[in-house]
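Structure record follows, encoded as structure tokens.
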Amino acid sequence: MIAPANLIEIRNLSVHFEGKRQFVRALHGIDLTLKRGEALGIVGESGCGKSITWMAALGLLGSNARVSGSAKLDGQEILGASDEKLSEIRGGRIAMIFQDPSSSLNPLHKIGWQLGEALRLHQGLTGEAARKEAERLIDRVGIANGRQRLGEYPHEFSGGMNQRVMIAMALAGNPDLVVADEPTTALDATIQAQILDLLDDIRRERGMALVLISHDLGMVSEMTERVAVMYCGRIIEDTPTADLFDHPAHPYTRGLIAAIPSFDGPRQRLAAISGTVPPPANLPPGCTFAPRCTIVDIGCKRAVPMMRPAGTDPRHRAACEKLDAVLPTITPVPTAAKPNAVGIMQ
Amino acid sequence: MKGALSARELKRYYTLRQRGSLFSTSKTLKAVDGLSFEVAPGEMFGLVGESGSGKSTTARLLLGQIPPTSGEVWFGGDKVGSKPDANWRRMRKRMQMIYQDPLSALDPRIVIAGQIEEPLIVHFPEFTPADRRRRVAQVMADVGLLSHHGDRYPHELSGGQRQRVIIARALAMEPELLVCDEPVSALDVSVQAQVLNVFADIRERTGFTGVFISHDLKVVRQVADRVGVMYLGRIVEMGTPDEVFHRPAHPYTKALVSAVPRTGRSARSRIILVGEPPNPVNVPSGCPFHTRCPEARSGCRSLVPELVASGGRAVACHLVNNPSFSGGEAA
Amino acid sequence: MLQFVLTRLLRALVTLFIIITFAFFVLRLAGDPASRFFDPSQTPPEVIAAFRRQWGLDQPVWVQFYRYIIAVLHGDLGNSMRENRSAVETVLSKLPATLEIMVPTLIIKTILGIAAGVTAALHRNSVFDRMIMSLSVLGFTVPTFVLALVLALIFAVQLRWLPSGGYSTVSHMILPVATLSIAGAAVIARYTRSAMIEVLGRPFVRTAAAKGVRSSEVVTRHVLPNAAVPIVTIFGFMMGSLVGGSVIVESVFSWPGIGRLLVASVQARDLAVVQVILLLIGALMVFSNLVVDLLYGLIDPRMRSRGGRAQAA
């Protein structure tokens, strides 16, 4: 049987949380596909739902979360799967690494024990075989003195080292996909570079798919082939990375890019997006970005915009009714002189 | 000179007592180890560095919140003391600080207007309540807060709004010196842009002298007139943002700069430093950076490089200042 | 390690000394034993005087104290005024009875309390959780004697299933143990629940789940060990009150243990016996604190290497 083309297919994924008096919708029908070995970046500001998407797919949300829609791994539905099936998938097919590595490891167990747990669960290794494999993994993620370090505890490691351990644990199950949720946000810049380098290396070596979740557009653009931008629980732009900075389509994306201080280009006043992100319990009608958009008109408030083609590249789509108004006439930009992070806003 | 800030050979050491097996040994944590820089009146001096570099300790030293182990801070021709006497209080009137985490810097039980007003009550007893109200309203408008926000509590505002309250509170004093410790790190990109614009506007209007501390090079590049790069309690490079960020001389600065994600660049062209950042408890001998420096020579292990200035530019690196001091092969 | 234990032992000795001193002075200030033993209106004053001389009560308090300390250092903790033997013997003879109810209580309330607390935490805000928590509030707010009397009323008087007092058969143990277990389990359940909830919210639990660890194993191998520290603390307190906590229950159910002995001895101002009991309770408390501290070190590796390798964040 031929393997399905897409590793991950998410259709109409919605999540709402039951609170005391009301339920709050956090995700509104996410559609996303991911191919084998693809590197996808998910970008958005806090509260946009970028982490919830993947936590929901893996069934990692709390008991007050109601998840609906579909999430398929290699054609198999994983939403609502049995605890047993999910245990196999988590770590074994899809691994996640999280933001604060030092609190993401159990403080009471040695590193070797925690690695060993993953190895036992997914590769059935115990005893000597497990120890050897753990050493190999620790070594692969760049921790020297592997044998000794396996006998130590997380509080004896720095943040960067703990993140390497997390990566090693993620690899223990030989997953097809690693979801990295803000993996370097809590780390120093130079350590961040090390970790991203490591992730990139491993990904290419194993042909793994990577989902990199971050608020840092620049970092994501260096590491991925494709980027999805999220706002208020929806994907509002989905494009090959190269096209993201060259031809950002959605006004929010443009706004984000214009708001990032430029490092190389000329110093100029930042073009901030007016207003603030609406609270999930109180979203405006129609396009959720409408109140802050500079090119809004009446039609935008009537209905939530669908994703539509947004540029020369057919894979580039954005959820905006007024795309024709913002996209310039398409002239290929010579690669030598790409302007850096300057948005085009009316 | 009015409004000029001067840090002279600032040092701040902490003694850590460790409970050893039988005796307790003590180690010295060198948070700040010989910091000197000048900030001209109305200038914004950016200080960048990673954790363990001593940036936050520096902020507190500059304001006199903690006493230096040695060295001095001078502002506007007066020495900044750290004993809470009358002189210190007078200085505090002119110097304000903005912190990283707005939620914990605000009292959860007092409304916003009240919190902005508080320093005025302390430092300007000659103001009438009407005067104070006017100043609060003015400063709130300056930072882009609406008047009804004044009646809200901190938890009812968003992160960006809270940070603006912090800024408003500091600005209500019309300080001559504003020290900002990671003021926008906890904010989303779009909010960060708004807050940075507020900063720019206010600077243009009042021309305060400022120190902007951050680990985010892009932000510092946006706001600073001059930049200092800190590593393990020392400044290793200093100059204009253009000089430091676009023509870095010190190997550490080069690595820091290459770690800044840039669009259209492949991930492979980063400079990756080897190893973990060392502990300020265990500062390496000689140049503190030599253990991770890709260009270290054997001499770097033994001699501490001086911060040598030429014009406004300064670098503390043997390879730059003493090219003949190689002492052999690369370490 | 050795230094740690030695320091604690030294502190323990100081604590015990303070307990002895305190007990000594408070008891002597609280009334004259002689007037308890003899009815002053019926007894000739010479008898009372002789009694007081015999027990050294005619001396100034400081002298009495000094003599007492010397005696203690020689291993003599005094004699019981009521029974004609050493105070230590008196107390130890009642110890087995107390242990007979306290040890089963300890076991039952620990198991019950932890089970209830863990279940409540795992099904937070469910009907079950609310039920357990309400019961637990009742369990530790209702005073012990009320609980004891209510249980006695229901099971002994009304239903006549169990005897209301005495010390002959196994069924006599049930009501005392039940009373103490309910109150104790209530406290343990509460602490366990909040410890569990706090740990469940921590990032590493999410990591374990994301790794593919089954939920039952997440609880047993990741959550419980981390929740253990506060639970062990409470357990330490409870171990300490192994002897002293049964006073009321023993009185209500006429159980001839140390609790009852304590009450009787205080009423009769049988000084030496009271002091021995207080010393025993104090020693137990100190010992259990030491054990708890050692357990902390065993459970949580961060508490072992203090000031060892400090890492920059």
Side-chain angles (χ1 to χ4, degrees), chain A residues 18 20 54-55 58-64 83-110 113-115 117-122 152-162 166 169-170 172-173 175 179 181 186-188, chain C residues 118-130 195-232 295-313:
Chain A
E18 286 188 8
K20 289 220 175 98
W54 302 92
M55 305 272 286
L58 286 174
L60 289 171
L61 291 174
S63 53
N64 64 335
D83 202 36
E84 202 185 317
K85 196 85 184 63
L86 279 176
S87 289
E88 266 176 51
I89 295 173
R90 294 175 191 154
R93 305 288 313 277
I94 304 177
M96 268 190 92
I97 60 181
F98 299 99
Q99 179 169 347
D100 186 3
S102 301
S103 344
S104 294
L105 288 171
N106 193 327
L108 304 188
H109 292 301
K110 296 184 185 166
W113 186 96
Q114 304 194 45
L115 251 180
E117 190 180 32
L119 286 171
R120 179 177 51 85
L121 281 167
H122 298 292
E152 291 175 4
Y153 293 90
H155 70 274
E156 299 178 278
F157 284 21
S158 68
M161 286 175 80
N162 276 327
M166 293 279 288
M169 275 188 351
V179 178
D181 190 355
L187 304 175
D188 280 330
Chain C
V118 168
T119 326
L122 291 177
H123 299 99
R124 199 169 162 195
N125 291 328
S126 68
V127 170
F128 186 71
D129 178 29
R130 284 190 234 270
M196 289 280 296
I197 288 179
E198 198 267 317
V199 174
L200 280 168
R202 294 213 209 138
F204 66 82
V205 174
R206 182 184 53 176
T207 305
K211 236 159 86 171
V213 181
R214 302 288 287 271
S215 9
S216 54
E217 278 189 14
V218 170
V219 170
T220 50
R221 298 167 128 230
H222 290 270
V223 181
L224 268 178
N226 277 280
V229 168
I231 298 177
V232 160
L295 276 177
Y296 283 160
L298 253 150
I299 298 174
D300 192 339
R302 289 170 293 186
M303 300 203 184
R304 283 178 227 158
S305 55
R306 289 276 191 74
R309 329 207 210 157
Q311 288 292 333

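Just so it is clear, the values below take in all heavy atoms, side chains as well, and ignore hydrogens, waters and symmetry mates. Chain letters run A, B, ... following the sequence lines, proteins first, then strands; residues in each count from 1.
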Next item on the list: For A:Asp181, check salt bridge (Lys or Arg N to Asp or Glu O under 4.0 Å) against everything at least two apart and list the hits.
Entry: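 Once residues adjacent in sequence are excluded, A:Asp181 has no partner under the salt bridge (Lys or Arg N to Asp or Glu O under 4.0 Å) criterion.
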
Item checked: Atom group of C:Ile299 that falls short of 4.5 Å from chain A, counting heavy atoms -> both

Notebook entry, point to check: Of the backbone (N, CA, C, O) and the side chain (C-beta and beyond), which part of C:Arg221 lies under 4.5 Å from a heavy atom of chain A, both, or neither?
Noted result: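 Both parts, backbone and side chain.
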
Could you check if a side-chain atom of [X] sits within less than 4.5 angstrom of a side-chain atom of [Y], using non-hydrogen atoms only?
X        : Y        : result
A:Leu108 : C:Pro301 : yes
A:His109 : C:Phe204 : no
C:Asn226 : A:Pro107 : yes

Check: In residues 205-212 of chain C, which residues are in contact with chain A at a heavy-atom separation under 4.5 Å?
Finding: C:Arg206, C:Thr207, C:Ala209, C:Ala210, C:Lys211, C:Gly212

Next item on the list: Look at A:Met169, A:Gln99, A:Lys110 and state which one has the largest set of heavy-atom pairs under 4.5 Å with chain C.
Entry: A:Met169

Check: chain C: which of A:Pro175, A:Ser104, A:Gly91 shares the most heavy-atom pairs with it under 4.5 Å?
Finding: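 Going by pairs under 4.5 Å, I would pick A:Ser104.
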
Go through the atoms of [X] and report whether side chain, backbone, both or neither lie under 4.5 Å from a heavy atom of chain C.
X        : result
A:Asn106 : both
A:Glu88  : neither
A:Trp54  : neither

Next item on the list: Rounded to the nearest 0.5 Å, what's the gap from NE2 on A:His155 to CG on C:Asp300? Could you check?
Entry: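 Here the interatomic distance stands at 8.0 Å.
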
Next item on the list: Working to the nearest 0.5 Å, report the span between OG of A:Ser63 and NE2 of C:His123.
Entry: 9.0 Å

Item checked: C:Glu217 and A:Arg120 ion-paired at < 4.0 Å ->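 The answer is yes: the pair qualifies as a salt bridge.
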
Margin query: Please evaluate residues A:Asp83 and C:Ser215 with respect to the criterion side-chain contact (heavy atoms from CB on, under 4.5 Å), reporting the C-alpha separation (whole Å), side-chain torsions for both, the decisive distance (0.1 Å), and the verdict.
Written below: CA-CA 8 Å; A:Asp83 202 36; C:Ser215 9; 3.1 Å; yes

Checklist line | Short side-chain donor-acceptor distance under 3.5 Å, C:His222 and A:Gln114 | finding: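 C:His222 and A:Gln114 do not have a side-chain donor-acceptor pair below 3.5 Å.
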
